[in-house]
Undergrad: 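Structure provided below as structure tokens; questions to follow.
If you're wondering where the values come from, they're calculated on a predicted model, not measured in any experiment.
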Amino acid sequence: MLTAPSHLRGRMTRYTPQEIRDERIAWALARSAEGWTTPKIAAALGINSEVIREKMRAHGWRWWDQPRRIERRYRKRPGGEQ
């Protein structure tokens, strides 16, 4: 489960210091480089995934350049059967 630092979560406005906004983008880019997807990053930050994707793209992020975490959505059955 991905959790963002509390000072980076939630809505930010133009009155939020630029250093904090830059730190949030840097955090999001670092998590993306670890393989987390933008919806999971956005959920950790408490914002819409379209917003974070737009901000990350403005800072040079491209989805096809990132590694992916593969999460198993089903439980393996005993005996090797699927």
Undergrad: Do the side chain of Arg21 and the main chain of Met12 share a donor and acceptor less than 3.5 angstrom apart?
TA: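 Flag not set: sc Arg21 to bb Met12 has no pair under 3.5 Å.
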
Undergrad: Quick one, Trp61 and Lys55 - any side-chain contact, counting heavy atoms below 4.5 Å?
TA: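 In short, these two side chains do not touch, never coming nearer than 4.5 Å.
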
Undergrad: Yes or no on side-chain contact (heavy atoms from CB on, under 4.5 Å) for Asn48 and Glu54, after CA distance, side-chain angles and deciding distance?
TA: CA-CA 10 Å; Asn48 188 338; Glu54 176 185 324; over 6 Å; no

Undergrad: Supply the atom-to-atom distance Ile47 CD1 to Leu8 CG, rounded to the nearest 0.5 angstrom.
TA: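 Spacing of CD1 (Ile47) from CG (Leu8) equals 10.0 Å.
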
Undergrad: Give me the atom names and distance for the closest heavy-atom approach of Ser49 to Ala42.
TA: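 Smallest interatomic distance, heavy atoms only, reads CA-CB, 3.5 Å.
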
Undergrad: Report, as yes or no, whether the 6.0 Å neighbourhood of atom CZ on Arg62 holds more than 12 heavy atoms from other residues, nucleotides or ligands.
TA: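 More than 12 heavy atoms, drawn from other residues, nucleotides or ligands, come within 6.0 Å of this atom.
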
Undergrad: Would you say the side chain of Thr38 lies within less than 4.5 Å of the side chain of Ser32, judging by non-hydrogen atoms?
TA: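 No. Closest side-chain heavy atoms not under 4.5 Å.
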
Undergrad: Applying salt bridge (charged side-chain N to carboxylate O under 4.0 Å, His left out), can you list everything that pairs with Glu23, at least two apart in sequence or on another chain?
TA: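 Not a single residue meets the salt bridge (charged side-chain N to carboxylate O under 4.0 Å, His left out) criterion with Glu23.
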
Undergrad: Assess the residue pair Ile41 and Thr37 against the criterion (side-chain contact (heavy atoms from CB on, under 4.5 Å)); give the C-alpha distance rounded to whole Å, side-chain angles, the decisive distance to 0.1 Å, and a yes or no.
TA: CA-CA 6 Å; Ile41 294 169; Thr37 60; over 6 Å; no

Undergrad: Can you find a heavy atom in the side chain of Met56 that is under 4.5 Å from one in the side chain of His59?
TA: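 No, their side chains stay 4.5 Å or more apart.
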
Undergrad: So, taking the atom named CZ in Arg24 and the one named CG in Leu29, what distance separates them when rounded to the nearest 0.5 Å?
TA: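 It is 12.0 Å, given to the nearest 0.5 Å.
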
Undergrad: Taking all atoms of both residues into account, what is the closest heavy-atom pair of Ala4 and Leu45, and its distance?
TA: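 Looking at all heavy atoms of both residues, the shortest contact is CB-CD2, 3.7 Å.
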
